[in-house]
Amino acid sequence: MAKPTKSSSKKEKIFHPESRKAAQLSRTHLRKSKLAEATAKRTKRHVGQADVYGFFYHALPPVGVLTLKELHGVIRDVWLTRHDTELDQERAARRKGRPKSTKEVKLEEIKLREVEAYRTGMEVPDLTHEPTVQLFRQWDQEETAYVQTLRFIRISSSNPETVIISRPGSHHSLREDRAPSQHEDQDMSVDQDDSILSEPPSRFASTMTTMDGPL
C-alpha cells in the first residue's frame, strides 16, 4: 500500500480578526480597492472627455471658423438631440402601462442633465477663435491633454449673446497671440473668467454613435 505523500504547499496563515497583522492586511486591501476605483473613474472620465472633444472636432467647419450663432446651433440642434432617435424607439417599443426601460431612463437623464448644463453655461472649445481652430485641426483625436491647452469659452442658452472666456489657452502659440475672436469683433458681452449648422447632422454620425458609452 502506497504511503500518502506530504503536501508541498504551505498552509495558509490565519490571523485573529483583531490582531495587528489582520488590521494591516485589511488596510492594504482597502487601499488597493480605493486605488482601483480611482483608476476606473479616471479612465471613464478620460473616455468621456475624448467623446465630447471628438464631437466638437467633427463640428469644425471645412474652412474658417464658426460664428457664435452657428456654435449655439451645433449644441442646440445636434449635440442635445443626438439621442432623440433612440429615445423615440424606446418609447414606441414600450407597451402601454409598462414602466420605462433602463435605457430609456438613462437617455432621458443624459438629455435633462445636458440641457440644464447648456442653460446655465456650457464650456466648449472656442470654435469662433481662428488660432484655436487651427490648433484643433491638428489634434490626433486621442490625446485629451492637447485639447485642454486650447482656448475654451462658456456659453448658455439663457444668455446666448454672452461669451465668457473660461480658459484662455495654455498652448504657447495662444499665449503669444491674444488676437480677438470673432464674437469680440461683433461687440458682444465678453468676460474673463478667473477661477454650421449648414452641415447635416449625419456629418457627426461617427462621433454620435459612441457618445456616452454603452447603454
Side-chain angles (χ1 to χ4, degrees), residues 34-63 65-66 70-87 102-103 105-157 163-175 181 193 195-197 199-215:
K34 287 183 176 180
L35 286 172
E37 183 179 352
T39 301
K41 287 182 178 179
R42 283 196 300 271
T43 301
K44 186 175 181 180
R45 184 167 61 248
H46 177 86
V47 171
Q49 285 179 336
D51 284 342
V52 174
Y53 295 160
F55 174 87
F56 285 100
Y57 175 84
H58 288 286
L60 288 168
V63 294
V65 300
L66 296 182
E70 287 172 335
L71 182 54
H72 274 290
V74 167
I75 296 171
R76 181 187 63 246
D77 300 330
V78 184
W79 172 255
L80 294 179
T81 63
R82 68 192 188 281
H83 296 309
D84 284 4
T85 299
E86 286 182 279
L87 261 175
T102 302
K103 183 176 182 179
V105 170
K106 182 176 180 180
L107 289 173
E108 287 180 341
E109 289 176 348
I110 290 171
K111 183 160 187 174
L112 286 172
R113 183 172 63 248
E114 292 176 346
V115 167
E116 179 62 14
Y118 180 41
R119 186 188 69 80
T120 57
M122 180 177 178
E123 188 180 56
V124 298
D126 190 356
L127 304 190
T128 71
H129 185 233
E130 187 171 354
T132 296
V133 169
Q134 290 176 351
L135 289 170
F136 203 2
R137 294 186 195 280
Q138 301 171 26
W139 183 41
D140 63 4
Q141 301 185 56
E142 293 182 3
E143 184 54 59
T144 59
Y146 174 80
V147 183
Q148 291 167 2
T149 66
L150 306 183
R151 172 160 141 164
F152 279 71
I153 57 175
R154 193 177 299 279
I155 58 179
S156 68
S157 60
V163 177
I164 297 174
I165 302 174
S166 56
R167 284 186 269 173
S170 59
H171 194 278
H172 65 87
S173 65
L174 295 178
R175 291 199 301 267
S181 65
D193 188 356
S195 41
I196 39 193
L197 220 42
E199 297 292 333
S202 58
R203 172 180 167 189
F204 307 93
S206 62
T207 302
M208 290 161 61
T209 54
T210 60
M211 206 69 62
D212 302 312
L215 296 171

For a side-chain contact (heavy atoms from CB on, under 4.5 Å) check, start with the C-alpha distance between T144 and Y53, then their side-chain angles and the critical distance, and finish with the verdict. CA-CA 8 Å; T144 59; Y53 295 160; 4.1 Å; yes
I would like to know whether L71 and I153 meet side-chain contact (heavy atoms from CB on, under 4.5 Å); could you show each step before the answer? CA-CA 11 Å; L71 182 54; I153 57 175; 4.0 Å; yes
Check step by step if salt bridge (charged side-chain N to carboxylate O under 4.0 Å, His left out) holds for R82 and E114. CA-CA 11 Å; R82 68 192 188 281; E114 292 176 346; 2.8 Å; yes
Tell me, with the steps shown, if F56 and L66 meet side-chain contact (heavy atoms from CB on, under 4.5 Å). CA-CA 11 Å; F56 285 100; L66 296 182; over 6 Å; no
Intermediate values then yes/no, side-chain contact (heavy atoms from CB on, under 4.5 Å), L127 and V65: CA-CA 6 Å; L127 304 190; V65 300; over 6 Å; no
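To the nearest 0.5 Å, atom CG of residue L107 and atom CG of residue L112 are 11.0 Å apart. Taken to the nearest 0.5 Å, the CH2 atom of W139 stands 8.5 Å off from the OH atom of Y57. To the nearest 0.5 Å, atoms NE2 (H129) and CG (L135) are separated by 9.5 Å. In this structure, the separation between CD on Q138 and CG on L150 is 9.5 Å, given to the nearest 0.5 Å. We find the NE2-NZ distance between H83 and K111 to be 9.5 Å, quoted to the nearest 0.5 Å. The CD atom of E70 sits 12.5 Å away from the CD1 atom of I75 when rounded to the nearest 0.5 Å.
Side-chain contact between F136 and V147: present, with at least one pair of heavy atoms (C-beta onward) separated by less than 4.5 Å. No side-chain heavy atom of F152 sits less than 4.5 Å from a side-chain heavy atom of T132.
L174 and G169 get closest at one heavy-atom pair: CD1-CA, 3.9 Å. D84 approaches L80 most closely through the heavy-atom pair OD1-O, 4.2 Å. Looking at every heavy atom in both residues, R76 comes nearest to T81 through O-CG2, 3.6 Å.
For H72, the ring-ring contact (aromatic ring centres under 6.0 Å, His included) partners two or more places apart in sequence, or in a different chain, are Y118.
Checking H171, Q49, E143 one by one against Q148, the side-chain hydrogen bond (donor to acceptor under 3.5 Å, both in side chains) holds for a single residue, Q49. Between R154 and the choices R167, M122, E123, the side-chain contact (heavy atoms from CB on, under 4.5 Å) rule is met once, by E123.
A distance-only check finds no donor-acceptor pair linking the side chain of R137 to the backbone of Q134 [under 3.5 Å].
Here R119 pairs with E116 in a salt bridge; the nearest charged N to carboxylate O distance falls below 4.0 Å. A salt bridge does not link E130 with R151: none of the charged nitrogens is closer than 4.0 Å to a carboxylate oxygen.
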